[in-house]
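Keep in mind it's a predicted model, so treat the numbers as computed, not measured. Excluded from the calculations below are hydrogen atoms, water molecules and symmetry mates; all remaining heavy atoms, backbone and side chain alike, are included.
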Amino acid sequence: MTDTPSPCYYLAPGYVATQGPLHDVQDPATLEPVGQYGEPSPDQLETILDRVNVAQKKWAAMDCKTRAGLLHRVADAMEQADMTEIAVMMTREIGKPYPEAIGEIANIAPVFRYFAEMARDDAGRIAGTIQPGSFQFQTYTPYGVSVHIVPYNFPLILGCWTMAASLAAGNGVVLKAAPAGTICTLMFMKFFDALPADLIACVGGGAEIGRQLIDSPKTHAIAFTGSAEVGRQIAMQAAAHMKPCVIEGGGSDPMIVSRHADIPVAAAGAVTTAYLQSGQVCTSAERIYVEDAVHDAFVARMVENTRQLRVGNGLGVAEIGPLVSSAARDRVLGWIDSARAKGATIAIGGGIPADQPKGWFVEPTIVTGVTADMGLHDTEIFGPVVSIIRVASFEEALTQANDSRFGLGASVFTSDLAEAHRAIDAFQAGMVWVNNPLVDNDALPFGGMKSSGLGRALGRAGLDAFRQPKMVILDPVAKMADWWYPYPDDWFLDAGGRKHV
């Protein structure tokens, strides 16, 4: 299947056997064993950090053109390789359909090219001087070694979004792979062999490995993608050491369907954004607010489109794969049952597919009549379930959409330009999509508000997250300034509080 030994960690330019425990990986579609991965012992992890720190100092000393060239070589290796085997392993580890696995990988190389050139172009800023003859400017310096903790749903690209920025800024990198997704991540790491030895490392393991990485004085910045609850814990842990962090803490994204929307297009877009990767996407539309005038037509069209989706093994012909684990499936089914018990209507789905008795599958589900007291309304479901809420007006939709502790993304379907701009201004979310959900752009910031996170990945903000600005005042000729010590006597007050003459 693969010549990459899975019970290992990666430290450029190769793989090293671990001394910590081994973990079994199970295919969530077939429940068959996929393989094993190992985690480093605490002593091994310290050795890894020592080596990455040494390599980072050399990397930071390189000129930006040389660093950019090496990052382009990483992208070259990715673009020239056959990624089929890695994508198949990703599907076997986490269940996502193969087209989505190979699509995730295909979007990684451009991120490294973008940040390679961004770091060359944005090297600082010259300020207007406040003193004649003085050169006053801003430059940047890397933090040192950054830690990247990633989730299972996008085990490769989410880590690469922040790793590419961090490397471009001059840092060394340690990636903690997702437990479900470690094997395909280790397979992918070979594309970093173009980088200097020891500059980048990838380790497997759970929360204890993550805590050691964050607490270590040998790491200096943290990037995390996962749940809001764990993100909050990591932010507090990092703050205890005064380490900056980028946190993407998930969401319960709203979508508004206006009475001015093209209903067939809106329904097709809603099906895609609700069920992509079985709803295991942080920016999935989970709450759809539909104006009363088009509510019934929209629900009917979305049910019709959902009925066309095929459920099955991600290596077969299927849009909907399994959830990642039995616990994930039980949690999702529990939220559906709870809503049903409180009076919601299951328009389609709502259970385990009859033709998939094995594996952690859930039918793509539409729930109508959802109210604010139901768990579906303000919980990140992370499954193929979407709630549809009838509203009287566009303004009511905006109010209810914002009534959430989350603020990652939000979308709207409308042909009314005024409504589109109203939604862009009003949505309390880090990202807004109008008639075009789920799209991201390497040059634009990705991240959320409220409990959905801190900081941003991608774009200039994503690069700045991994470098520190430094103010510089440079006078080419040393000369006395009139405000230096000792001060003139007439600057002081006498004993009576009067200014000296």
What's the separation between atom [atom1] in [X] and atom [atom2] in [Y], rounded to the nearest 0.5 Å?
| X | Y | atom1 | atom2 | result |
| --- | --- | --- | --- | --- |
| Thr368 | Ile288 | OG1 | CD1 | 12.0 Å |
| Gln237 | Phe224 | CD | CZ | 11.0 Å |
| Ile247 | Ser451 | CD1 | OG | 12.0 Å |
| Asn441 | Met431 | CG | CE | 12.5 Å |
| Leu71 | Met163 | CG | CE | 11.0 Å |
| Leu376 | Ile388 | CG | CD1 | 12.0 Å |

For the residue pair [X] and [Y], establish whether any side-chain heavy-atom pair is separated by less than 4.5 Å.
| X | Y | result |
| --- | --- | --- |
| Asn153 | Leu158 | yes |
| Cys245 | Ile234 | no |
| Lys450 | Arg405 | no |
| Leu199 | Val173 | no |
| Cys160 | His148 | no |
| Phe191 | Ile108 | no |
| Leu186 | Cys8 | yes |
| Pro364 | Ile348 | no |

With a 3.5 Å distance limit and no angle check, can you tell me whether [X] reaches the backbone of [Y] through a side-chain donor-acceptor pair?
| X | Y | value |
| --- | --- | --- |
| Glu286 | Ile381 | yes |
| Thr91 | Ala87 | yes |
| Gln44 | Gln19 | yes |
| Glu380 | Gly250 | no |
| Asn402 | Ala426 | yes |
| Glu79 | Ala109 | no |
| Asn53 | Lys218 | yes |
| Asp27 | Val34 | no |
| Trp59 | Pro196 | no |
| Gln428 | Met449 | no |

How far apart are the closest heavy atoms of [X] and [Y], and which atoms are they?
| X | Y | result |
| --- | --- | --- |
| Phe466 | Asn171 | O-ND2, 2.7 Å |
| Val25 | Pro179 | CG2-O, 4.5 Å |
| Pro40 | Thr18 | N-CG2, 3.9 Å |
| Glu363 | Ile352 | CG-C, 4.0 Å |
| Asn313 | Ala318 | O-CB, 3.9 Å |
| Gly409 | Trp433 | CA-CZ3, 3.6 Å |

key: N-O pairing of Asp76 and Arg113 below 4.0 Å   =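 Salt bridge between Asp76 and Arg113, a charged N being under 4.0 Å from a carboxylate O: yes.
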Can you tell me if [X] and [Y] form a side-chain donor-acceptor pair at under 3.5 Å?
| X | Y | value |
| --- | --- | --- |
| Thr371 | Lys342 | no |
| Gln212 | Glu46 | yes |
| Asp378 | Ser252 | no |
| Asp43 | Ser41 | no |
| Glu93 | Tyr152 | no |

key: Sole candidate of Leu438, Leu276, Val439 that passes side-chain contact (heavy atoms from CB on, under 4.5 Å) when paired with Thr283   =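 Exactly one option meets the side-chain contact (heavy atoms from CB on, under 4.5 Å) with Thr283, and it is Leu438.
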request  = Would you confirm whether the ring centroid of Tyr10 sits within less than 6.0 angstrom of the ring centroid of Phe188?
outcome  =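 Distance test on ring centres: not under 6.0 Å, no.
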query = Could you walk me through whether Val386 and Ile366 pass the side-chain contact (heavy atoms from CB on, under 4.5 Å) check?
reply = CA-CA 5 Å; Val386 64; Ile366 296 174; 3.9 Å; yes
For residues 320-338, which side-chain N or O atoms pair as donor and acceptor with protein atoms under 3.5 Å away, sequence neighbours left out?
residue	atom	partner	partner atom	Å
Ser325	OG	Ala328	N	3.1
Arg329	NH1	Gly359	O	3.2
Asp337	OD1	Arg340	NH1	2.8

